[in-house]
Amino acid sequence: MKPQNRYLKTLLSTPLLMQMVLKVVTIFQKMSYFYSQQHQKLNRHRIFLKVLFLTSLLICVLIGQVVSAQTPNITTLVEQGIKNYHTGDFFQAIKDWQEALNQDKNNPSTTAVVNENLARAYQQIGENKAAIGSLSAAIRDYGAVQNIQQVGRMQSELAQVYSNLGQPRKAIALLCGQLVEKTRFSENQPSQEIKCTPESAEQIATKYNDERGKIAALGILGEAYRLIGSYNQAIKYLHLAQQVSPAYDFLVLNSLGNAYKSRAQLHELQANSAKQAGIFSKEKEFNNKSAADYNQAREYFQNSIKLARNQKQPLAEMRGLLNLIQLGSQTNETKVIDDETFNNAHEDALKLLKDLPDSATKVYGTIDLAYLQRHSQGTSPFTYCPTAMVSSDNEALILLKSSVLTSNKLQDNRLQSYANGALGHFWECRQDSKQALKYTQAAIIAADKNLSAKDSLYLWEWQAGRILDKQEGKKEEAIASYQRAFETLEDIRQDILTAERDVQFDFRDVVQPLYRTLARSRLDLLGVGAMSTTGYAYADEKRAKELSQVVNTIDALKLAELQNYFGNDCILSGLNPKQVGELLQDNSVAFKNTGFLSSIILDDKTGILLQLPNQTTKFKWIEDSNQEGTNKIVRSGKLQKKIAEFRTGLIKGEEQVNYDTTTAAELYDWIIRPFAEDIKPETVKTLVFIQDGFLRSVPMAALYDSQQQKYLVETYAVATTPSLRLTTPKVRDRSTKKALILGLTQPATIDGKSFDRLFSVPEEVDAVESIFPNHTNLIDDKFFPESFKQKLEKTTYPIVHIASHAQFGIIPEDTFIVTGKNQKLTISQLENSLGNLNSKLESVELLALTACETAVGDDRSTLGLAGVALQVGVKSAIASLWSVNDQSTSELVKTFYTNYRDTGISIAEALQKAQIRMINAKNLPPSEGINIKYDNPVYWASMIAIGNWL
């Protein structure tokens, strides 16, 4: 075998060193770049950086340093470890190197090298925490012997581990020392120049003229910025890496291609968001940007392939070919890759595959080619059965079998797991359950061996569950498999959802279906008679346990959705470690007289769970009592249409003299009436809704009880929360408060979208000022992001009232508040401004947004509304689901705050009383000064209470 690049070949001069390098090169050919299968298509360039950017760096680490051990025995142990690592026996390699450490703990020149190698072995078996410890020790030891150049290199390697674990900000701190915070949709702005700190990996490499160290630092730095969505910064650093040395251009070009591809996908998402918002000029602009980035990505991939081919780098050439092919398969609408180019690249990859040495790249490349589609769905092929693969069934089967054989030769558990799982999926899609289970179980065993591949284990457990469920009819065994998949995914979900969030379909197509499948399977099992075979008492106990598991699954789904939407794990910083059932055993005032209604939307039906403190959970499918038999179940599609009809009727209600309650009454009968005996108003005073999907977009307060001729809010105070585990219900002193009041009366234009003047804002501001004499206001041109931030830095305001347009889009970057001077306060800016208060004794307790707009017909937009209070760290929020440009808002707000100041009632009750007052508008004396038309729910129903309802 020849060295992996010409630069190394000219660098090395002695046979001993050449032999050692050749061995290490072989080792790194065997390194797996697999991190998370469902992100395989988007992430492989990141792992390619891990293997190839660092290969030259890591080889140099061993040169002249392994042989520097102080005793022959230590030298022998280190060499044995290298041999065992080479053969894939990573556990024995760890044992050898640990023993070497124990023999000479006080010699940093020895322990530095051993810790460095230990870190790589730990990464091979998935022990990333141990790898971090070993790398940190290596940095310490290299620093002790003043080998600062090596300190920089180890910092780069440690940064790569953090980046792989979904902590790119830590990676950036090691690589550069400081972070340029930018939203991922600011690519139209020039990237900011940044000077790295002297102790950072990038500056160390610069100081010591360490070419390979600098390329590694810049390459990983670019990747880390890509992971946090700052694509301009990512591209900038990759271009800087390209300038260091042309010898590595094929690596950098490949990474640049993926960076441009990711940015193109983001522009597609942004164009879709603009389309839904009706901003067609922006839609065209972003589509053009997307096409340009896709074309740039294609050129970089093609150039990378050409250079790798010229430099006799078959692994790099294969990686480039696969990236080019996947670009063509995922961009069929824009036609970035023509059919001839696509077919030629496919043929070249198949030819090259035959000559590749056994390696991780060969295994993954073989599987990619087996499952290749010309027009893919843009997600993992293991979550559905591809129907238009480029290869025939026989060709695909040959490729998949060869990947299993290669993985067995390499004796790499992760590769074996992935190859067997892929072959098992092939048989699953061909309805051969025997073969499918055989290979899927082999994949599970390989993945579960010492937990070396937890990031693929959940996929194969999920796959086994599907086979057992749909093909074998073994429901309980299937549920057990689904549950194991769920628990494994919960362990690694935070890393998955924060490590790669370029586009949102990853979550919807890979994570979300597993949660819903598990919940559905448990709920379906509750409907069969088998549970009563051992007696009713056991059946009731079993039923309660199953429902508890369903609640935990649904709650985990909602947490995952929020985390995925906001693209970071800050939303979960206040997560209560107790499960929902444990929380509801709390006898405090927080849950007294309160009922919790959670919804779960499945493909064909929707379920509602009722939870009451210290009582058994109740569950019912939404049914239409006017229908009979199987027709009683309300299909989810029908429910969604009814919900859309309900929302449309509410918004357009002002056009009617009297609001038509027909749809509101029908939904009441479907959702509330089945639980009427459990939530009698004598014992239940407040209903808290934890909604799913499209049910988030409508106010439950406006459901209508046709029997009592009352709206729901006339019987119960109503609130909503994304999750009980993210809510801290607590009664607070509201007698004396300072308020920061922000408002906009002028028309504004943001990103090409016009926002009308809010004529009633002055009256609304006056009303809030009269209730909170200790206030500060920023109105119109005085209200802009920087002024807002400055006010909060000087003073803590428990009440922040914002009377301005607020838009909640399908992506966080389209979620903002309109300010003066045609500027916008983004959700990130709001979070940063309010988040600075967390360390103070007082913080914002109530955030009010009174002129919101959510994207019609998109359930993701309401995630922004439901999660905004949690994301910015406030205790409670009131916000509107749609904007009502009328004096009714100021009337409602004034009454709410008056009630809010009364510490004897909860926030939900304060809003309830304000809404009931408007419902009774026609019955109030003229002295109340309230317009009689305000009894129409269009004027009062849009306002909802979020978070802490007390």
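Values in this document were obtained by computation on a predicted structure and should not be read as measured data.
- Within the 4.5 Å cutoff, side-chain heavy atoms of Ser245 are placed close to those of Ile215.
- Across Leu135 and Ala119, no two heavy atoms sit closer than the pair CG-CB, 3.4 Å.
- Between Leu238 and Gly222, the shortest heavy-atom distance links the atoms CG-CA, 4.5 Å.
- Here the closest non-hydrogen pair linking Gly152 and Ala201 is O-CB, 3.4 Å.
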field: Audit row: Arg298, Thr341, side-chain contact (heavy atoms from CB on, under 4.5 Å) steps and yes/no
entry: CA-CA 11 Å; Arg298 183 196 66 237; Thr341 301; 5.7 Å; no
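- A salt bridge between Glu223 and Arg226 is present, with a side-chain N of the basic residue lying under 4.0 Å from a carboxylate O of the acidic one.
- Although no hydrogens or angles enter the test, the distance criterion places no donor-acceptor pair under 3.5 Å between the side chain of Ser163 and the main chain of Gln160.
- No hydrogens or angles considered: nothing links the side chains of Tyr142 and Gln155 as a donor-acceptor pair under 3.5 Å.
- Considering only heavy atoms from C-beta on, Tyr85 stays 4.5 Å or farther from Ile94 through its side chain.
- Of the possible polar contacts, one joining the Thr111 side chain to the Asn107 backbone as a donor-acceptor pair under 3.5 Å is found.
- Considering every non-hydrogen atom in both Pro198 and Gln203, the closest pair reads O-CB, 3.7 Å.
- With sequence neighbours excluded, no residue forms a ring pair (Phe, Tyr, Trp, His ring centres under 6.0 Å) with Phe286.
- Under the 4.5 Å side-chain criterion, counting only non-hydrogen atoms from C-beta, Ser156 is in contact with Leu175.
- Using a 4.5 Å heavy-atom threshold, the side chains of Val252 and Val244 count as separate.
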Stepwise side-chain contact (heavy atoms from CB on, under 4.5 Å) check, Ser329 with Phe342: CA-CA 8 Å; Ser329 70; Phe342 180 87; 4.2 Å; yes
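- Rounded to the nearest 0.5 angstrom, Leu218 CG and Lys236 NZ are separated by 9.5 Å.
- Between His239 and Tyr260, the ring planes lie perpendicular to each other; the angle is over 60°, past the 30° to 60° tilted range.
- The side chain to side chain donor-acceptor pair (under 3.5 Å) search around Asn288 returns none, not counting sequence neighbours.
- Expressed to the nearest 0.5 Å, how far CG of Asp348 lies from CG of Leu324 amounts to 10.0 Å.
- Contact check for Phe301 versus Asn254: side-chain heavy atoms found under the 4.5 Å cut-off.
- Interatomic distance, CD of Glu317 versus CG of Leu352, reported as 4.5 Å (0.5 Å rounding).
- Residues Leu101 and Leu118 are in side-chain contact: their nearest non-hydrogen atoms beyond the backbone lie under 4.5 Å apart.
- Side-chain contact between Lys362 and Met318: absent, with no pair of heavy atoms (C-beta onward) separated by less than 4.5 Å.
- The side chain to side chain donor-acceptor pair (under 3.5 Å) test with Tyr294 is passed by exactly one of Lys289, His267, Glu268, Glu299: Glu268.
- A donor-acceptor contact shorter than 3.5 Å links the side chain of Asn323 to the backbone of Arg319.
- Scanning all heavy atoms of the two residues, the minimum distance from Leu253 to Ser304 falls at CB-CB, 3.8 Å.
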- request: I would like to know whether Ile132 and Lys129 meet side-chain contact (heavy atoms from CB on, under 4.5 Å); could you show each step before the answer?
  value: CA-CA 5 Å; Ile132 289 172; Lys129 288 185 179 179; 5.5 Å; no
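- Annotation: side chain to side chain contact (heavy atoms under 4.5 Å, CB included) contacts of Ser402 (sequence neighbours excluded): Thr366.
- In this structure, the side chains of Tyr418 and Ile367 come closer than 4.5 Å at one or more pairs of heavy atoms.
- Minimum heavy-atom separation, Val363 to Ala419: CG1-CB, 4.3 Å.
- Here Arg153 contributes atom CZ and Asp210 contributes atom CG; the two are 4.0 Å apart, rounded to the nearest 0.5 Å.
- Considering NZ of Lys306 and CG of Asp249, their distance stands at 12.5 Å, rounded to 0.5 Å.
- Of the inter-residue distances, the one linking Gln149 atom CD with Lys207 atom NZ reads 11.5 Å to the nearest 0.5 angstrom.
- Listed for the Arg263 side chain is no donor-acceptor partner under 3.5 Å among the backbone atoms of Asp293.
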task: Give the C-alpha distance, both sets of side-chain angles, the deciding distance and a yes or no for side-chain contact (heavy atoms from CB on, under 4.5 Å) between Leu399 and Leu353.
output: CA-CA 10 Å; Leu399 286 169; Leu353 190 65; 3.9 Å; yes
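- Side-chain atoms of Asp96 and Gln92 include a donor-acceptor pair closer than 3.5 Å.
- Using a distance-only test at 3.5 Å, with no hydrogens or angles considered, no donor-acceptor pair links the side chain of Thr361 to the main chain of Ser359.
- Proximity of a side-chain donor or acceptor of Ser134 to a complementary backbone N or O of Ala130 within less than 3.5 Å is detected.
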